[in-house]
Amino acid sequence: MKTLLMTTAAALLASSALAQSITVGAANISDYLDPGRDHSNVGSQFYYNSFDTLIDRDHSKLEPEWVPALATEWRLVDDTTMELKLREGVKFHNGEDMTADDVVFSLNRMYQATFAPYVVRSKDRLANFAEAVKIDDHTVQIKVERPEPLWETLVSLQQVMIIPEDYTKALSGDPDVAEDGDFEAFSLKPVGTGPYAISEFVPGQKVVYSRFDEFWGDRAPLEQATVIRIPETASRITALKTGEADIVTNIAPDQLDLINADPNLKTEGSATALFHVMIMNVNHPDLVDPRIRQAMSMAIDRDLLNEALWLGKAIVPSTHTMAEMGELHMPELNTFEYNPEKARELLAESSYDGEEIVFDAYPVYYTNGVLAAQAITEMWAEVGIKGRVNVTEQWTGASPDLMARSWSNPMYFADPFGSFGVMWAPNGPSEGSGRFNTDAEYAAIWERFRFSEDVEARKAAYVELMDRIKQDPPVLPLYRPFESWGMHKGIDWAPQPGHIPYVLDFRAGAIALADS
Amino acid sequence: MTLYILRTLLKMVLTLFAIITLVFFATRMSGSPLDTALGDGLSAEDRALMIEYFGLDRSIWHQYLAYLRGILEGNFGLSFIERRPVADIVAERIWPTLQLLGSALALTLVVSVPLGVVAALWRDSWIGSAVMGLAFIGYAVPNFVIATFMVLIFAFWLNWLPVVGNGSPWHFIMPTIAMSGVLIAALTRFTRNAMLDVLGQDFMRTARAKGLPETIVILKHGLRNAGVTVLSVLGLQIAGMAAAGNVVVEAIFSWPGIGELLVSAAIMRDYPVLQFGVISVAFAVVVINALTDIAYVVADPRIRMAKG
């Protein structure tokens, strides 16, 4: 009898533990996990549960509000130096204490990068950051080249999350030296300080989070969260119905009713902080005349695309801006508009002579991508542009033959620099791919936009940048797609407004399970 | 005999060498991992840096020779994306695929051989026609259609069977049926035809004349002789299935197998994974072919004489 009771008690305990565990069916799972080298939409799902930055923001709020994380306080010592006091008693998942050395190592692996993937990642957003220096065991200083208007924003980036120095260095080769092999090995056995340790990682297939009892902050609400890959949408929805998954990601708008019709299921969604965009090659011989590209842009009725493809749930922007950007959010600008009459006029004035304009689109990568491309070429036809959709798996964005294609401009961090600024910087990825040109004047405006310490000056410069884009357009932001997650009704989870796109935040306050 | 086997083996090695070469150059012509792994675009300087990081800065001949040397040393390289040995990655994925193929093979044999025999014996009655009709339909319906309908009925509506992964025996039911649908149809037809060929042979008449019971005649003399043809056909079907047929089924059931791996490697242009994956599958096909050839010779003295 005693045995029976004990077994029953054990079973009860096990089931209560089970009740705190969830399975997430994700469309994609990273092939590596390193917050430093990653800035993909697939990767951004995974880091926030297991890693911390020095400064964090309150992700329940849309407007930036900085909160202490691994640093408890911070101040500017002078124009180019920030001093941060480190939280004491922080442990990494492998049991080591977090020290100033770990912080300096983590920051300098990006600020003074030698590993090629870090170099690439740090240059586009952290180029102004010179180095991190240890002052004492609980104090570090970060030094920048020029006065930095975006201190907190850039200290709270995913790329500068804190990782353990000794552990990482010992992963391969010489345990006292940081080699490429160490960082490559780290991305298969990641260790951080967050509320969940990554207890199992099978690249491309599975990530298992386990509650980390020695976490410095609020205790993780879940005992365990297992993220498995379910590539097919129909299979993800079925898995939700059969109970094999408690939450599923990436549900297209036309599938929402299927889930919401089930009394046990619901969906949560938001317009993701990312633009689906159309890019146009300013250097293609047939498109050199900016009036042709203005016409291509003005011919597109983006509100209609939103209604037809996103049930009106997407957000169509008037300029390259997002509400998350706080004071730099400038919806009053009217950079991109639908004006078919004007498009016809511009076309008539231009050198356009009925040449076929090819729109390249990935077959599945962007939800509704091919449908949008088809609708766009139809809208072009309305104003007299002969368009053709070319569905291809190839990234043609760096090809001199590119005419137009679908792409995305994510918000890597909440500032125009984190979205437009990364993609359209002088010598940035767009210019480097040969489909966008900048000149000394553009570079000078961009400098004022990036480095002016006065917000109004930054805004004024951004207005000028948007004007340049309007006059000689290389890009048209179509909309912020509406991204949805399906889940059981007993789960209280929704994407937090203050995150970059796709973050699966299971920290305290972000998720709760019903007791049943 | 030995000479014949040696010649077959040599042929096998040459075929593999040709495949390795073809795969090496074809993958490189299909696009660059820079554009997929770093699809946001890169400045020219960063591009050069990443090309060097991936080891794609050396001439293609240098890369090719280095790759061949690696293979001879048993080193198939590191995945561009995961940065771990491709052999480890493929090893992780090949076992689930083999399990699925094995269960599909078993189901196919259990179902289609008796059906084929029945269809041959009752070839003039409605039973034979019904079996062949079913086989015809089975052959015409693609596995993803079978899979989708099963998912809809047994998971989505009835909630009887799981759809994700390979965690339990229950997980095998739907993928196995989906995988074997076409195989069963094909093998039923082959078994029937092989049986029909055999039924008219002199030794069958002799067996009956000896007064053996009909069951023994059919099973021992008929099926055994038809079996050689049936098995060789099955080998090739399975090899084909390993190469391509499982991709869709694995995707639908989130089966962590090699088909899914190859598709994502192809999309990401992860050359080392793609190369090793295709080479492994090609190796399986070539080996099965060679073994079939050799088995023929061992089994049938007439082929041995002819091929000398």
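In what follows, chains carry the letters A, B, and so on, assigned in the order in which the sequence lines appear, proteins first and then strands, with residues in each chain numbered from 1. The figures that follow rest on heavy atoms only: side chains count, while hydrogens, waters and symmetry mates do not.
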Proximity breakdown for [X] and chain B, heavy-atom pairs closer than 4.5 Å:
X: A:Val422; answer: neither
X: A:Lys123; answer: side chain
X: A:Ile230; answer: both
X: A:Leu258; answer: side chain
X: A:Ile228; answer: side chain

Check your understanding: How about A:Gln205 and B:Glu260: do any of their side-chain heavy atoms sit closer than 4.5 Å?
Key ->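 Not in contact.
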
Check your understanding: Are side-chain heavy atoms of A:Lys241 and B:Asn159 found at a separation under 4.5 Å?
Key ->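 A side-chain contact under 4.5 Å is absent here.
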
Check your understanding: Should we count OH of B:Tyr67 as having more than 12 external heavy atoms under 6.0 Å?
Key ->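 Count over threshold, so yes.
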
Practice item. Might you confirm whether atom CZ of B:Phe25 has over 12 heavy atoms from other residues, nucleotides or ligands at distances under 6.0 Å? Key: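 Count over threshold, so yes.
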
Measure the spacing between [atom1] of [X] and [atom2] of [Y] and express it to the nearest 0.5 Å.
X: B:Ile252; Y: A:Thr238; atom1: CD1; atom2: OG1; answer: 10.0 Å
X: A:Ile29; Y: B:Ser264; atom1: CD1; atom2: OG; answer: 12.0 Å
X: A:Ser187; Y: B:Ile81; atom1: OG; atom2: CD1; answer: 11.0 Å
X: B:Leu49; Y: A:Tyr118; atom1: CG; atom2: OH; answer: 14.0 Å

Check your understanding: By a 4.5 Å heavy-atom criterion (distance strictly below it), what part of B:Glu52 contacts chain A: side chain, backbone, both, or neither?
Key ->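 Looking at B:Glu52, nothing touches chain A.
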
Review point. For B:Leu161, is it the side chain, the backbone, both or neither that has a heavy atom under 4.5 Å from a heavy atom of chain A?
Key: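 Contact with chain A is through the backbone of B:Leu161 alone.
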
Review point. Between B:Arg84 and A:Glu184, does at least one N-O distance fall below 4.0 Å, as a salt bridge requires?
Key: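 The answer is no: the pair does not qualify as a salt bridge.
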
Point to revise | Side chain A:Glu244, main chain B:Pro162, donor-acceptor under 3.5 Å | key: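 No, the answer is negative, given that no donor and acceptor are paired below the 3.5 Å cut-off.
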
Exercise for review: Give a yes or no answer on whether the side chain of A:Glu232 reaches the backbone of B:Phe253 with a donor-acceptor pair at less than 3.5 Å.
Suggested key: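 The answer is no, because no donor-acceptor pair under 3.5 Å joins these two groups.
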
Heavy-atom pair of closest approach, residues [X] and [Y]:
X: A:Arg229; Y: B:Ser254; result: O-CB, 3.5 Å
X: A:Ser235; Y: B:Ala251; result: OG-O, 4.5 Å
X: B:Phe156; Y: A:Ile237; result: CE1-CG2, 4.0 Å
X: A:Asp31; Y: B:Glu82; result: O-CG, 3.3 Å

**Study point:** Residue among A:Ala234, A:Gly25, A:Ala116 with most heavy-atom pairs under 4.5 Å to chain B
**Key:**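 Most heavy-atom pairs within the cutoff with chain B belong to A:Ala116.
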
